[in-house]
Amino acid sequence: MSATVLRSVSVRPARPADEEALGELDRSTWSTLHAVVPRPQPPYEPFFDERHRPGDFLVAEAEAITGTGTESEAESEAGFGTGAITRSGSGSGAVTGSGGARIAGYIRLVLPTPLASNAHVRQIQGLAVAPWARGAGVGRTLLRAACAEARRQGANRITLRVLGHNTPARALYASEGFAVEGVLSGEFFLHGRYVDDVLMGRSLTP
């Protein structure tokens, strides 16, 4: 199959009005490749809450105009870090912008701790790409946008966590300068086997 072609891909901060679309996206991207919680079942929890605020998220908007991704392309953006704990809103609408633009993905960027001594670091705690938008570089675009936003906030370092068996995500992160900085062996017991939690990070300084 031909690769997905997206028109006018843009990244912006999330808004409260995005809750339904983000909840639907979150449910549609649940995968054993990255999830550390069971598949969500109704009634669904709100996507936004006191710990998951709109200001923590960047969203990518795009319009698909032709084709779909190949299997390998889709897998490359199927799911990401262990921080992407599925959180789901209600409803099925995903159209959020003019001209047919839809939310194609999101990334969550937060302080890893509330400590002042750790305030120079930002952590990615969730990255998801809608099935219809995979294979078009949306995950990479969001990752770069998160690094730029972290720099804008004054951070000089960014980190993330990813399951050891999530080879596509690990390859994406490595290609964007993230290095493995630690491995928590057998940290999760998922689907009958122990899975490593891989800690990755990179500098944001030139």
Side-chain angles (χ1 to χ4, degrees), residues 4 6 9-64 68-69 74-98 100-112 114 122-136 138-139 141-143 145-146 149 160-163 165-166 168-169 172 187-193 195 197:
T4 302
L6 301 181
V9 179
S10 60
V11 177
R12 61 165 175 81
R15 301 186 288 256
D18 296 324
E19 181 155 16
E20 284 194 17
L22 289 172
E24 175 70 12
L25 187 156
D26 217 34
R27 293 194 299 276
S28 72
T29 56
W30 186 95
S31 167
T32 58
L33 196 61
H34 65 87
V36 296
V37 297
R39 184 185 296 275
Q41 300 293 331
Y44 302 115
E45 295 180 2
F47 186 85
F48 295 131
D49 60 25
E50 291 183 359
R51 293 183 56 249
H52 302 79
R53 303 165 301 172
D56 298 336
F57 293 83
L58 297 174
V59 299
E61 287 186 322
E63 179 182 357
T68 57
E75 284 297 316
S76 73
E77 293 181 323
F80 299 90
T82 60
I85 296 175
T86 299
R87 307 186 51 77
S88 301
S90 61
S92 58
V95 177
T96 62
S98 60
R102 304 167 64 194
I103 290 181
Y106 74 76
I107 192 165
R108 181 171 180 246
L109 181 72
V110 296
L111 287 161
R122 293 297 182 273
Q123 187 169 74
I124 293 169
Q125 293 186 3
L127 173 56
V129 175
W132 60 269
R134 291 176 185 163
V138 173
T141 296
L142 283 165
L143 190 59
E149 174 61 16
L160 58 85
R161 297 165 61 181
V162 60
L163 293 179
H165 64 212
N166 195 343
L172 171 65
E187 184 74 358
F188 296 98
F189 186 74
L190 302 171
H191 312 289
R193 64 171 175 155
V195 178
D197 189 10

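Residues V59 and A14 share a closest heavy-atom pair of CG1-CB, 4.0 Å. Closest heavy-atom contact between V138 and A60: CG1-CB, 3.9 Å. Counting all heavy atoms, side chain and backbone alike, A62 lies closest to V9 at CB-CG2, 3.7 Å. Between L109 and A146, the shortest heavy-atom distance links the atoms CD2-O, 3.6 Å. Residues P54 and R15 share a closest heavy-atom pair of CB-C, 4.2 Å. Across all non-hydrogen atoms, the minimal contact from A169 to V162 is CB-CG2, 4.1 Å.
Remark: side-chain polar atoms of R134 are paired, donor with acceptor, to backbone N or O of V129 under 3.5 angstrom.
Residues F47 and E20 fail the side-chain proximity criterion, which asks for heavy atoms closer than 4.5 Å. Proximity of P168 to N166: side-chain heavy atoms (C-beta onward) are separated by under 4.5 Å at one or more points. Side-chain contact between E149 and L58 is present, with at least one heavy-atom pair separated by less than 4.5 Å. Between V36 and F189 there is no side-chain heavy-atom pair separated by less than 4.5 Å. In this structure the side chain of L127 reaches within 4.5 angstrom of the side chain of L142, judged on heavy atoms. Side-chain contact check for T29 versus E24: every heavy-atom pair is 4.5 Å or farther apart. Looking at Q123 and L111, their side chains never come closer than 4.5 Å, going by heavy atoms from C-beta outward.
Side-chain contact annotation: Y106 with D18, donor-acceptor N/O pair under 3.5 Å absent.
Of the candidates H52, R108, R161, Q125 forms a side-chain hydrogen bond (donor to acceptor under 3.5 Å, both in side chains) with just one, namely R108.
Remark: R27 qualifies as a cation-pi partner of Y44 under the 6.0 Å distance and 45° angle criteria applied to the six-membered ring.
In this structure V195 satisfies the side-chain contact (heavy atoms from CB on, under 4.5 Å) test together with L163, H165, L190, R193, sequence neighbours excluded. For T32, the side-chain contact (heavy atoms from CB on, under 4.5 Å) test picks out W30, H191, with sequence neighbours left out. Scanning for side-chain contact (heavy atoms from CB on, under 4.5 Å) contacts around P13 gives an empty result, with sequence neighbours left out. Partners of R39 according to the salt bridge (Lys or Arg N to Asp or Glu O under 4.0 Å) rule, which considers only residues two or more places apart in sequence or in another chain, do not exist here. With sequence neighbours excluded, no residue satisfies salt bridge (Lys or Arg N to Asp or Glu O under 4.0 Å) with E187.
Taken from CD1 in I107 to CG in L143, the straight-line distance is 5.0 Å, to the nearest 0.5 Å.
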(request) Take L160 and R122 through the side-chain contact (heavy atoms from CB on, under 4.5 Å) test and state the conclusion after the steps. (result) CA-CA 9 Å; L160 58 85; R122 293 297 182 273; over 6 Å; no
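Taking 4.0 Å as the cut-off between side-chain N and carboxylate O, R12 and E61 count as a salt-bridged pair.
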